[in-house]
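Here the structure is laid out as structure tokens; the discussion comes afterwards.
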Amino acid sequence: MQGILSASRRTSLIAVVVITAVFLGFSLLTARDLGSFGITLISGLFQGMLLFLVASGLSIIFGLMDVLNFAQGTYFMIGAYIAYTIHHAPLLIQAVPDGNLRFVIAALGATAGGAVLGVILERGLLRPLYSRPIFQIVMTFGVATVLTEIAKYIWGTTGQTWREPFGFRQGVFEVFGQNFSTYRLFVIAIGLILIVAIALLLRRTRIGIIIRAGVEDSQMVEALGINVRMVFTLVFTLGCAIAAFGGAIAAPFLGATPSMGSEFLLASIAVVVLGGLGSYEGTAIGSLLVGLAVAAVAQFGATQGQFMSEFVKTFIPPTVWPALMPMALLIAILLVRPSGLFGKQE
Amino acid sequence: MHNWQRTLRTNWLYSLILIFLIAFPFLVGWLTDSSPFGARGRPVGQSTFWQALLIETFILAILAMSYNLMFGFTGVISFGHALFFGLGGYIMAIFLEKASLGPDSGMIVGLVAGLIITGILGFVIGLVSLRLRGVYFAMFTLAIAEMFYILFLRLPATGSEDGFSIAQVPEWLNPTRSRLSYYYVTLLLLVLTFLLLRRLISSPTGAVLLAIRENESRAQTIGYNTLTFKLLAITLAGMLAALAGMLSVILNKKVGPEMLAVSYTVDPLLMTIIGGIGTFSGPVIGAAGLHLSDRLLRDSQFTIGGTVVKIGESWPLILGISFIVVVLIFPHGVVGTWAQWRTRRQMKAASGAGRSAVPQPKAEGSSSTT
């Protein structure tokens with residue numbers, strides 16, 4: 001396997017390791033104790049995984065089809081709403097009293113809903129636009145607006161908070177003398193499983209090989225007699241389904257609000273770009289990197305912010321630092337590597 | 001004399017529209033029996049209401065045209081245009097309100113300083129980022145704009161998320177007391193921007209910009225330093241967007257971080273695409289269509305068989321649907337599709353009705369000369 005690693009890939013991997021080490025060491029040094037470092041680590045991984053749940057679909061869709069899907073965040077939101085509705089449906093609460101099992105059903109339902117909406121969008125509205133890429137922006141933007149309005153119409157404008165308790169959500173475990181909700185661990189685990197599952201799908205299956213070939217050169221794949229349009233539909237559906245699944249997973253924590261889609265959209269586009277367009281592992285690594293950076297900087301600001309100079313405190317208050325991190329990281333990486341960490345060099 | 005006549009003949013539609021816009025406040029005043037000057041220094045009546053609406057439209061049209069210079073004519077997609085709009089607004093507001101220079105000199109200093117600062121900023125951003133391609137460049141500009149947005153959202157010195165309001169603007173173009181003169185100032189700036197862009201694009205420099213849009217590596221091979229020309233486009237576009245931001249601040253007498261938000265990038269983008277990418281009138285038509293329909297339909301209501309339907313609540317839904325419909329019906333934006341349809345008809349007429357094989361005009365080529 002060592003031979004496959006090209007020089008630029010190796011540099012990228014080293015860069016990733018170094019950046020991660022810097023942020024981890026940084027938060028370890030500035031932490032009050034091991035417990036608060038544990039909190040930083042877990043919350044960094046948790047936020048990274050939430051980002052990944054939106055970004056992964058965006059990444060494979062953009063990689064294959066060159067469509068920047070502005071509706072991706074909306075599918076995340078719809079997934080959260082569907083999961084919420086299924087989980088809180090009175091009939092289902094009677095039929096399936098076990099909260100964990102009901103949550104699994106809710107997540108599956110959300111995934112299916114996302115897939116159906118994905119097929120409709122790709123087949124019905126995006127297909128005429130493959131020759132006019134600019135107009136895809138308007139189209140996906142319009143679809144995002146329409147779906148958000150429909151969600152507001154069905155579920156109300158104020159948003160829903162998760163009420164029903166269930167096992168994953170309520171449990172607590174202890175690391176370094178600090179209590180953590182098992183739900184965070186659950187999300188991190190789901191994210192890891194998803195990373196591996198999609199990687200296996202792309203690397204080890206026939207359809208995965210076709211998708212990766214399509215990312216390289218979709219016309220050539222078509223010339224080989226493969227129905228690329230069919231693959232496009234499949235990938236788009238898969239991307240939307242993953243986003244909706246992500247929304248379902250995040251809903252017990254974030255609730256379901258009409259604006260949650262657009263809140264995650266920008267950060268997840270940033271993650272896809274800094275990881276490198278068309279590179280799935282770039283997106284996965286980028287998500288975790290951004291999550292860790294946000295958590296580390298939040299902790300640094302909380303413990304060390306008061307020692308900063310007046311100038312810094314006035315013009316870049318420490319409370320802003322975490323929010324700035326995704327974009328700052330994106331700018332820094334693009335300045336050094338113009339096509340992201342693992343993107344194709346031009 | 002001959003030259004003048006020819007200009008008038010090729011631009012008769014633009015001239016008519018301009019005359020209409022100049023007469024518009026008086027026309028509305030005459031039709032609705034209201035004074036275009038307002039009453040006792042207050043904006044009262046239909047005429048002043050419509051003036052405000054059109055001033056907003058003019059400002060957005062300048063913003064959309066500045067976006068089109070990069071997006072439509074140079075082929076560079078930026079997602080950070082709101083940065084220039086908002087920053088221009090903030091600089092103007094700071095000089096008007098916080099610099100204690102008095103309204104007149106404050107405005108002039110703010111105008112000059114704002115244009116210089118945003119120009120330099122655009123130049124520097126372009127310098128470090130224009131080697132990035134496509135989506136990478138778009139995201140780089142978005143990242144910078146977002147960082148400014150987040151910063152201004154939490155900056156106590158500029159009023160954090162509320163921003164701050166401006167007590168004094170120069171009396172002669174105060175939008176509450178003498179709105180009519182502000183109307184003509186913004187109209188003049190709109191016309192100047194329009195003429196500037198037309199002059200620029202039809203100049204040799206503009207030809208290089210179009211060449212970069214069509215095929216950048218080919219333009220490079222011919223021997224043009226494409227980076228210089230792209231820098232020119234991004235700098236000029238940034239300054240024009242800043243001008244729009246300043247005008248907006250004077251109109252609203254208020255500045256806030258929402259001027260830096262991504263919606264001020266997305267709006268001109270949508271206006272340009274819907275109106276017609278790489279056309280001169282497209283962004284103006286897009287801005288007018290989107291903004292006027294937004295402001296007029298949002299508050300309107302109608303009755304179907306006894307039930308009152310308020311548009312306001314479902315307006316975003318209508319907007320979203322109309323985006324989808326426009327994209328499917330007008331494949332090159334409103335102006336682009338219109339120009340293509342006209343060219344096709346002319347070619348059909350020229351080649352005779354008997355021949356069915358009509359060569360398809362290239363969309364980009366035909367739209368760029370509209």
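Atom set for the values below is all heavy atoms of this structure, side chains included, hydrogens, waters and symmetry mates excluded. Chain A is the first sequence line, chain B the second, and so forth, proteins listed ahead of strands; every chain is numbered from 1. Computed from a predicted model, the values in this text were never measured in an experiment.
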- Item | Residue pair B:Phe79, A:Ile269: steps toward the side-chain contact (heavy atoms from CB on, under 4.5 Å) verdict | CA-CA 12 Å; B:Phe79 281 169; A:Ile269 297 179; over 6 Å; no

- Query: For B:Ile277 and A:Phe135, what are the C-alpha separation, side-chain angles and deciding distance, and is it a side-chain contact (heavy atoms from CB on, under 4.5 Å)?
  - Reply: CA-CA 10 Å; B:Ile277 306 162; A:Phe135 286 84; 4.2 Å; yes

- How long is the gap from CE on B:Met139 to CG on A:Leu330, to the nearest 0.5 Å? 5.5 Å

- Task: Tell me, for B:Ile273 versus chain A, whether the close heavy atoms (under 4.5 Å) come from the side chain, the backbone, both or neither.
- Result: both

- Message: Counting only non-hydrogen atoms closer than 4.5 Å, does B:Tyr149 touch chain A with its backbone (N, CA, C, O), its side chain (CB onward), both, or neither?
- Response: neither

- Examine whether an atom of A:Tyr153 lies under 4.5 Å from a heavy atom of chain B, and if so say whether it belongs to the side chain, the backbone or both; otherwise answer neither. neither

- Task: Report the option among B:Ile144, B:Ile150, B:Val326 that has the most heavy-atom pairs separated by less than 4.5 Å from atoms of chain A.
- Result: B:Ile150

- Of the listed residues (B:Val135, B:Thr158, B:Ile321), which shares the most heavy-atom pairs with chain A below a 4.5 Å separation? B:Val135

- Hey, is CD on B:Glu161 packed in by over 12 heavy atoms from elsewhere, all under 6.0 Å? no

- Is the CZ atom of B:Arg218 crowded by more than 12 outside heavy atoms at less than 6.0 Å? no

- Query: So which part of B:Phe148 gets closer than 4.5 Å to some heavy atom of chain A, the side chain, the backbone, both or neither?
  - Reply: neither

- Largest heavy-atom contact set with chain A, pairs under 4.5 Å, which of B:Leu328, B:Leu142, B:Leu319: B:Leu328

- For B:Gly320 against A:Thr145, the heavy-atom pair lying closest together: CA-CB, 4.1 Å

- Side chain, backbone, both or neither: which part of A:Ala328 has a heavy atom under 4.5 Å from chain B? both

- Query: Which region of A:Ile331, side chain (C-beta onward) or backbone (N, CA, C, O), has a non-hydrogen atom less than 4.5 Å from a non-hydrogen atom of chain B, or is it both or neither?
  - Reply: both

- Among residues 264-271 of chain B, which residues come closer than 4.5 Å to chain A, judged by heavy atom distances? B:Val266, B:Leu269, B:Leu270

- Heavy-atom contact with chain A under 4.5 Å, split by part of B:Arg154: both

- Task: Would you name the heavy atoms of A:Leu335 and B:Arg131 that are closest together and state the gap between them?
- Result: O-NH2, 2.8 Å

- Query: Which bit of A:Leu147 is near chain B, if near means a heavy-atom gap under 4.5 Å: side chain, backbone, both or neither?
  - Reply: neither

- Message: Please classify the contact between B:Leu153 and chain A as side chain, backbone, both or neither, with a heavy-atom cut-off of under 4.5 Å.
- Response: neither

- Task: Start with the C-alpha distance between A:Leu277 and B:Tyr136, add both sets of side-chain angles, then the distance that settles side-chain contact (heavy atoms from CB on, under 4.5 Å), and finish with yes or no.
- Result: CA-CA 9 Å; A:Leu277 294 170; B:Tyr136 290 106; 3.5 Å; yes

- Item | For B:Phe140, all residues meeting ring-ring contact (aromatic ring centres under 6.0 Å, His included), sequence neighbours excluded | none

- Heavy-atom distances under 4.5 Å only: say whether B:Phe71 touches chain A with side chain, backbone, both or neither. side chain

- Note on the structure: When the 4.5 angstrom heavy-atom criterion is applied to A:Leu274 and chain B, the contacting part is neither

